[in-house]
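Here's the structure, in structure tokens; my notes come after.
Starting from 1, each residue takes its place in the sequence as its number. From a predicted model like this one, the values you see are computed outputs, not experimental measurements. Whatever order the structure lists ligands and atoms in, that order sets their numbers, starting from 1.
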Amino acid sequence: MYKLLRPLLFRLDAEVSHNSVFLFLRLVRRIPGAARLLRALHGRRTPRLPVEVMDLQFPNPVGLAAGLDKDGRYIEALADLGFGWIELGTVTPRPQPGNPRPRLFRLPRRAALINRMGFPSVGVERFVENLKRQGMPCLLGVNIGKNSDTPLAEASADYLAALRAVYNHADYVAVNISSPNTPGLRDLQNQGNLAELLRALKREQERLARAHGAYVPLALKIAPDLNAEQIAAVAQLVLEHRFDAVIATNTTLARPGLETEPPANEAGGLSGRPLKDLATDVIRQLYRRLGGKVPIIGVGGVENAADAWDKLVAGADLIQIYTALIYEGPGVVRKIVSGLQQRVRAMRCTTLREAIERARAEAR
Ligand SMILES: Cc1cc2nc3c(=O)[nH]c(=O)nc-3n(C[C@H](O)[C@H](O)[C@H](O)COP(=O)(O)O)c2cc1C
């Protein structure tokens, strides 16, 4: 079905077509029985492949990466598609329009996207209202960022404000310091800035956990463009400040093998197939540095079960996708989860974790 629709959608501007699909899905759900049909087509046909990470029970290890539902508008429609969980956002404390359009470009021959969205956001207040209206039909991560006009020196205040606002509405909160489209944001990954930010967020998380009687884990989302030394420094700080997970990775500023591809010279972050190996390499290095003490959510160019498996064996505990959903359609979630389940069975293991641990031991 999606393969039939895709040529039509790809004729539209990329952002217009993404928004139309999800608006359409949201409207279709209002037709009696339509939500049930969607769930039957995708959600229910996705096998259960449970994984426990951050003390949360994920029904399967394939989640939706941040950026597709920035304002928390399409949770119910997305939950029908079989994802193990959904990461919403990035949401900023105050509303902001993001960068001028066009700001999203397709590279169909490479199954890739370039975006310079720049965190368009309705702001945390409206975001939380959207969430309250829909409830929590599946596990939800909320990805938070800073406003583009907040000076870097005051970034912590933005992250703290966003954390407080979304705390009661998230199963975990992802701290995004790795978008390439907010000037200076990635500087927060530098050791001094990062130490201060992580310390402030950890302290606030502990205060909120006491106040609400519920511990909501914190994950840090990093860029694929860090060198080995920077990855080591990030890992050290994550351990020191007892962050609960790392999400690796965001989009890249590099253009691996894309010199001849026309939209490749557009400014922004590259996602999809050309990011795959870069992201897996970061996961591998990070895993070595974290020594398995902090879970990793692996993201970047996953298109099928083999790609997901590579990231799991490299050190990831969970997987996220975004670009593959645009190129392959919603059926890709079920395909990846089914493929992983087949591997677990072929290895005669009872859980995904057991299979990964064995494959990692054999790869050593
Ligand atoms: C159009 C677009 C918008 C994105 N927006 C965000 C965002 O707001 N916050 C974020 O943390 N990551 C964002 N990302 C990055 C994705 O979450 C993901 O890390 C990246 O695309 C790599 O995964 P993929 O190759 O499966 O797409 C965005 C990606 C795309 C393509």
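The backbone and the side chain of Asn250 each have at least one atom closer than 4.0 Å to an atom of ligand 1 (non-hydrogen atoms only). The backbone and the side chain of Thr90 each have at least one atom closer than 4.0 Å to an atom of ligand 1 (non-hydrogen atoms only). Contacts between Leu68 and ligand 1 below 4.0 angstrom, taking non-hydrogen atoms only, are absent altogether. Contact annotation for Lys221 and ligand 1: only side-chain heavy atoms (C-beta onward) come within less than 4.0 Å of the ligand. Contacts between His18 and ligand 1 below 4.0 angstrom, taking non-hydrogen atoms only, are absent altogether.
Here is the list of ligand 1 atoms found below 4.0 Å of a heavy atom in Leu104: 1 (C). Below 4.0 Å from some heavy atom of Leu275 lie the following atoms of ligand 1, by number and element: 22 (C). Short contacts between ligand 1 and Leu113, defined as distances under 4.0 Å to a heavy atom of the residue, involve ligand atoms 31 (C). Applying the 4.0 Å criterion to heavy atoms of Gly67 picks out, from ligand 1, the atoms 4 (C), 5 (N), 6 (C), 7 (C), 8 (O). Taking every non-hydrogen atom of Gly300 and a distance limit under 4.0 Å, the qualifying atoms of ligand 1 come out as 22 (C), 23 (O), 25 (O). Close approach of ligand 1 to Thr249 (heavy-atom distance below 4.0 Å) involves ligand atoms 19 (O). Close approach of ligand 1 to Thr323 (heavy-atom distance below 4.0 Å) involves ligand atoms 24 (P), 25 (O), 26 (O), 27 (O). Every atom of ligand 1 with a heavy atom of Ile321 under 4.0 Å away is listed here by number and element: 26 (O).
Remark: Gln191 CD is loosely packed, at most 12 non-hydrogen atoms of other residues, nucleotides or ligands lying under 6.0 Å away.
Thr251 CG2, 3.9 Å is the protein heavy atom nearest to atom 20 (C) of ligand 1. Closest to atom 13 (C) of ligand 1, if we only count protein heavy atoms, is Ala66 O, 3.2 Å. Taking atom 21 (O) of ligand 1 as the reference point, the nearest protein heavy-atom neighbour is Ser271 CB, 3.2 Å. In this structure, atom 8 (O) of ligand 1 lies nearest to the protein heavy atom Lys70 NZ, 2.8 Å.
Salt-bridge annotation for Lys276 and Glu303: present, with a side-chain N of the basic residue lying under 4.0 Å from a carboxylate O of the acidic one. A salt bridge links Arg207 with Glu204: the closest approach of a Lys/Arg side-chain nitrogen to an acidic carboxylate oxygen falls below 4.0 angstrom.
Listed for the Asn60 side chain is a donor-acceptor partner under 3.5 Å among the backbone atoms of Gly84. Asp158 contributes a side-chain N or O that, together with a main-chain N or O of Asn147, makes up a donor-acceptor pair within less than 3.5 Å. One N or O on the side chain of Asn193 and one on the backbone of Asp187 form a donor-acceptor pair closer than 3.5 Å. With hydrogens and angles disregarded, a donor-acceptor distance shorter than 3.5 Å links the side chain of Arg186 to the backbone of Ser178. For Glu266 (side chain) and Phe105 (main-chain N/O), no donor-acceptor pair under 3.5 Å exists by modelled atom type. In this structure, Glu87 contributes its side chain and Ala174 its backbone to no donor-acceptor pair below 3.5 Å. At least one donor-acceptor pair closer than 3.5 Å links the side chain of Gln134 to the backbone N or O of Asn130.
Note on ligand 1: Gly272 sits in its first shell, one or more heavy atoms being nearer than 4.0 Å.
Taken to the nearest 0.5 Å, the CG atom of Leu258 stands 5.0 Å off from the CZ atom of Arg110.
Remark: aromatic rings of Phe10 and Tyr327 are close, center separation under 6.0 Å.
Closest to atom 18 (C) of ligand 1 by heavy atom, among Val299, Ile326, Ile222, is Val299. Across Phe105, Phe119, Tyr322, heavy-atom proximity to atom 29 (C) of ligand 1 is greatest for Tyr322.
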